[in-house]
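Owing to the predicted nature of the structure, the values given are computational and were not obtained by experimental measurement. Whatever order the structure lists ligands and atoms in, that order sets their numbers, starting from 1.
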Amino acid sequence: MQAKITVTETWLRKHRHLYDGATRHPFIRSIRDGNIDISAFKTWLGQDYIFVRAFVPFVASVLTKAYKGSDDANGDVEVILGGVAALHDEISWFKKEAFKWGVQLSSIVPQKANQEYCRFLESLISPEVEYTVAAVAFWAIETIYQESFAHCLEDDSKTPPELKETCQRWGNESFGEYCNSLRNIVDRQLEKASDDVITKAEATFLRVLEHEVDFWNMSHGRT
Ligand SMILES: Cc1ncc(CN)c(N)n1
């Protein structure tokens with residue numbers, strides 16, 4: 001018997017070009033090829049710290065929506081709670097890493113692409129946004145980082161040793177498993193969603209891809 005094609009699989013096939021644009025961006029390729037400009041890396045580091053701080057209330061809102069909106073026989077809340085806990089570590093890691101690279105986090109001003117991405121996250125916090133739609137954004141945001149940084153750890157990569165730890169943070173296997181759990185949550189929700197919610201969720205997925213590309217562009221000095 002053939003396995004059923006899930007909604008996320010359909011989207012990934014349909015939007016492959018844009019998805020690859022987000023997960024195989026020139027910024028990521030430059031890490032993987034070992035010719036990253038360290039000033040671009042430092043820009044990314046400072047800007048991403050600001051993004052992650054805005055990401056926390058968004059993830060907390062997904063947690064609330066999961067509690068209210070899913071029957072939770074499937075443990076959605078616990079999976080998302082794991083994500084919140086990981087973000088706590090992530091913020092400490094950014095502080096440590098910024099110190100290592102001489103990046104002054106307190107003086108970072110968010111750039112336009114970052115501001116727009118954070119505003120988009122804030123719009124998803126609204127209680128009017130369905131759990132399914134918010135969960136799709138959450139899954140996509142985490143997965144793009146997982147796939148991007150895992151690409152920098154493949155056997156034939158020439159990632160500089162001093163950036164390996166950064167790539168490990170999102171490219172490691174257990175982060176990959178967590179992203180798979182998020183994908184299962186999303187597919188389960190989409191399976192029972194109305195056409196209207198599915199349409200909104202797909203549009204949200206595309207918006208995430210665009211914001212991620214803009215975020216890499218910004219880090220790469222392309223704005
Ligand atoms: C822009 C961005 N996208 C995703 C992630 C992964 N949490 C992140 N830290 N920053």
I need the nearest protein heavy-atom contact for atom 8 (C) of ligand 1: residue, atom name and distance, please. Y145 CE2, 3.2 Å

What I want to find out is whether E191 reaches K4 closely enough, with some N-O distance under 4.0 Å, to be called a salt bridge. yes

Relative to the heavy atoms of F55, which atoms of ligand 1 are at a distance of less than 4.0 Å? 7 (N)

Quick one: which ligand 1 atoms are inside 4.0 Å of a heavy atom on E90? 7 (N), 9 (N)

Please check whether E142 reaches ligand 1 - meaning an N/O of the residue sits under 3.5 Å from an N/O of the ligand, judged on distance alone. yes

For atom 9 (N) of ligand 1, what is the closest protein heavy atom, and at what distance to 0.1 Å? D48 OD2, 3.0 Å

For a quick test of your reading: what N or O donor-acceptor pairs under 3.5 Å do the side chains of residues 147-155 make, sequence neighbours left out?
from	atom 1	to	atom 2	distance (Å)
E147	OE2	Y19	OH	2.9
S148	OG	I144	O	2.6
H151	ND1	R32	NE	3.4
H151	ND1	E154	OE1	3.2
H151	NE2	R32	NE	3.2
E154	OE1	R32	NH2	2.7

The answer for which part of V52 has a heavy atom under 4.0 Å from ligand 1 is side chain

What about the rings of W216 and F41, do their centers lie closer together than 6.0 Å? no

Can you tell if the side chain of W139 reaches within under 4.5 Å of the side chain of I185, non-hydrogen atoms only? no

Ring pair (Phe, Tyr, Trp, His ring centres under 6.0 Å) with Y145: which of Y178, F175, F138, W170? W170

Considering the heavy atoms of I141, write down every atom of ligand 1 situated less than 4.0 Å from one of them. 3 (N), 4 (C)

Within the structure, is a non-hydrogen atom of H211 found at a distance of less than 4.0 Å from ligand 1? no

What are the two closest heavy atoms between T10 and T6, and how far apart are they? OG1-O, 2.9 Å

Please give me the minimum heavy-atom distance between Q146 and C179, naming the atom from each residue. CB-SG, 3.8 Å

protein heavy-atom neighbour closest to atom 3 (N) of ligand 1 works out as E212 OE2, 2.7 Å

